[in-house]
Amino acid sequence: MEIIFGQNKKEQLEPVQAKVTGSIPAWLQGTLLRNGPGMHTVGESKYNHWFDGLALLHSFSIRDGEVFYRSKYLQSDTYIANIEANRIVVSEFGTMAYPDPCKNIFSKAFSYLSHTIPDFTDNCLINIMKCGEDFYATTETNYIRKIDPQTLETLEKVDYRKYVAVNLATSHPHYDEAGNVLNMGTSVVDKGRTKYVIFKIPATVPDSKKKGKSPVKHSEVFCSIPSRSLLSPSYYHSFGVTENYVVFLEQPFKLDILKMATAYMRGVSWASCMSFDREDKTYIHIIDQRTRKPVPTKFYTDPMVVFHHVNAYEEDGCVLFDVIAYEDSSLYQLFYLANLNKDFEEKSRLTSVPTLRRFAVPLHVDKDAEVGSNLVKVSSTTATALKEKDGHVYCQPEVLYEGLELPRINYAYNGKPYRYIFAAEVQWSPVPTKILKYDILTKSSLKWSEESCWPAEPLFVPTPGAKDEDDGVILSAIVSTDPQKLPFLLILDAKSFTELARASVDADMHLDLHGLFIPDADWNAVKQTPAETQEVENSDHPTDPTAPELSHSENDFTAGHGGSSL
């Protein structure tokens, strides 16, 4: 497992051509841009958790049947400070950094104070977000980092808090057809209240070409939901949307704010301040996008932990939503680096298998309905919603499939009725060994696997002009536990799940988390300067084979959300 998790990866700063076997579809022209942890030790210091590692961006540029690969560490403030000190000096969620023992008492006192109300890391290692004409590396703190999707250069640091009062934010936003971004974050004890904030970032703003007119600076609060606990808000990694509603799960996997405030002084990580309450409930919030207010009925289900929403849509007076659910929080614990040893694949076992569950939430509850009656009248699911004496509604899901994670869909069907899920198959071990296509209608599946290969999240790219939901290809970056096997980009036919091509890369590739595909038709998004500046920039790399022609539509891209560190 050391080859996958423990080793620091070397950057591939200049594009290297991959060896392609098979045939890449002629229409597949663009760049797969991915993000994930790549450095786990700095000097003699080590991160405790795999999700703490320093962000390593990498890309596969696909043009005319050829593939070029490059990678570069995100030049975050966190990365720069750590490298300059040759040790970990910025705390991550699972690793608390402490001052140099040689520092004086005043420096140490300041360090304690700064961790009581922490300024979180800008180590944005989870996903890539498209915002207007810009691309950002994202994590779950209030910071995002603008990047150049072509060169992987790190640009400015953006603090959500300057525009929206959130301390934490998801890395799995949603996009509407116009390219507007909808995201969620948690505002901790702001003016005496802790709340979950849904906010919107416009795709364009007036005079957006002028300097300083980033759409992020025009973010607006869409809606807020009070936390059920002032000092123990729910942790959440993603959320769902339909045409008219937002689906948010307030789950009993909680952050203890008081413990987090004292974690540094107690010598423990912020991650240790999270806990799962098996005796609590999971509350289902349905927010009407038209009124910007929650549906008044109180919906809940059994305690569970959800990292990834898959999709949601409306049918026959109900909101149906699909999630990957666990019965506890054991997944996070398994990825501490101390557990990622040579016996990891054989001995590490989840105490709860990730399960694809479908919930049905009735939008209009009949006051005259009998207590205990099922309010769901949708024929396509066996999920139930039972009315209780106090008017609350207890929702029980339909279990569709056991053993999958990192779900993706054809994003053109996001918020709409859909049929196919593309995911990594994960059973009792958190090791992804197969890529899965699950057919919700027939309850059947197709799979791809190869010995000693670990696939990343499978990303669907539609065929131009496609009529069928699964007309397209699946892209997945594959790493191997066999040091003799080169990593490669796998390209599958999404219909048949047969291999079309693979592009093997002689480079030090890492197991990544999330990302997106940028069609060449969308590369006008990187135009951030006038034409004459572009000429200067291009002259620095006159033969860069990854540089596309800049043209065409603004919002034609495959979003970094499949349904969204892990």
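From a predicted model like this one, the values you see are computed outputs, not experimental measurements. Values below: all heavy atoms of this structure, side chains included; hydrogens, waters and symmetry mates excluded.
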Pair [X] + [Y]: basic N to acidic O under 4.0 Å:
X      : Y      : result
Lys46  : Asp52  : no
Glu457 : Arg408 : yes
Asp512 : Arg34  : yes
Glu450 : Lys485 : yes
Lys200 : Glu220 : no

Exercise for review: Report the C-alpha separation of Lys195 and Asp190 in whole Å, then their side-chain angles, then the decisive distance to 0.1 Å, and conclude whether the side chain to side chain contact (heavy atoms under 4.5 Å, CB included) test is met.
Suggested key: CA-CA 8 Å; Lys195 55 191 175 184; Asp190 177 46; 4.2 Å; yes
Give a yes or no answer on whether the side chain of [X] reaches the backbone of [Y] with a donor-acceptor pair at less than 3.5 Å.
X      : Y      : answer
Asp508 : Lys10  : yes
Asn180 : Ala203 : yes
Ser171 : Thr139 : yes
Asp122 : Arg145 : no
Asn48  : Gly94  : yes
Gln150 : Leu152 : no
Lys9   : Glu11  : no
Asn123 : Ala55  : yes

Atom of [X], atom of [Y] and distance for their closest heavy-atom approach:
X      : Y      : value
Val181 : Pro173 : CG1-CB, 3.6 Å
Asn82  : Val42  : O-CG1, 3.5 Å
Ile128 : Ala137 : CD1-CA, 4.2 Å
Gly30  : Asp520 : CA-OD1, 3.3 Å
Pro233 : Thr186 : CB-CG2, 4.2 Å
Thr121 : Thr141 : O-OG1, 2.9 Å

Practice item. Would you check, one step at a time, whether the test side chain to side chain donor-acceptor pair (under 3.5 Å) holds for Ser234 with Glu250? Key: CA-CA 6 Å; Ser234 173; Glu250 191 173 11; over 6 Å; no
Measure the [atom1]-[atom2] distance between [X] and [Y] for me, rounded to the nearest 0.5 Å.
X      : Y      : atom1 : atom2 : value
Phe517 : Ser59  : CZ    : OG    : 11.5 Å
Thr262 : Ile257 : OG1   : CD1   : 11.0 Å
Gln12  : Met509 : CD    : CE    : 12.0 Å
Cys273 : Arg266 : SG    : CZ    : 5.0 Å

**Study point:** Worked check of side chain to side chain contact (heavy atoms under 4.5 Å, CB included) between Leu404 and Val426
**Key:** CA-CA 5 Å; Leu404 76 170; Val426 177; over 6 Å; no
What orientation do [X] and [Y] show, parallel under 30°, tilted 30 to 60°, or perpendicular over 60°?
X      : Y      : value
His510 : His58  : tilted
Tyr73  : Tyr79  : parallel
Phe276 : Phe253 : perpendicular

Within a strict 4.5 Å, meaning less than it, do heavy atoms of the [X] and [Y] side chains meet?
X      : Y      : answer
Leu74  : Ile147 : yes
Ile478 : Arg502 : no
Arg87  : Glu44  : no
Leu475 : Leu490 : no
Leu28  : Val473 : yes
Asp328 : Val305 : no
Thr95  : Ser269 : no
His308 : Leu406 : yes

Regarding [X] and [Y], is there a side-chain donor-to-acceptor distance under 3.5 Å anywhere?
X      : Y      : value
Asp256 : Ser232 : no
Thr138 : Asn127 : no
His49  : Glu92  : no
Arg63  : Thr31  : yes
Asn167 : Ser187 : no

Practice item. Apply ring-ring contact (aromatic ring centres under 6.0 Å, His included) to His174 and His309, showing your working. Key: CA-CA 11 Å; His174 286 272; His309 283 248; 8.0 Å; no
**Study point:** Steps toward side chain to side chain donor-acceptor pair (under 3.5 Å) verdict (Ser214, Tyr136)
**Key:** CA-CA 12 Å; Ser214 166; Tyr136 293 88; 3.2 Å; yes
Exercise for review: Run the numbers on Ser480 and Asp482 for side chain to side chain donor-acceptor pair (under 3.5 Å), then give the verdict.
Suggested key: CA-CA 5 Å; Ser480 176; Asp482 180 356; 5.2 Å; no
Point to revise | Heavy atoms from other residues, nucleotides or ligands near NZ of Lys157 exceed 12 (cutoff 6.0 Å) | key: yes
What do you reckon, are the aromatic ring centroids of [X] and [Y] less than 6.0 Å apart?
X      : Y      : answer
Phe93  : Phe51  : no
Tyr264 : Trp270 : no
Tyr143 : Tyr160 : no
Tyr163 : Phe199 : no
Phe60  : Tyr69  : yes
Tyr47  : His40  : no

Practice item. Applying side chain to side chain contact (heavy atoms under 4.5 Å, CB included), run through Tyr236 and Phe307 and close with a yes or a no. Key: CA-CA 7 Å; Tyr236 54 98; Phe307 293 100; over 6 Å; no
Exercise for review: For side chain to side chain contact (heavy atoms under 4.5 Å, CB included), just list the numbers for Lys146 and Phe135, CA-CA rounded to whole Å, side-chain angles, deciding distance to a tenth of an Å, and then say yes or no.
Suggested key: CA-CA 6 Å; Lys146 187 177 177 182; Phe135 291 84; over 6 Å; no
Practice item. Show your reasoning for whether side chain to side chain donor-acceptor pair (under 3.5 Å) applies to Ser227 and Thr194. Key: CA-CA 6 Å; Ser227 170; Thr194 295; 5.8 Å; no
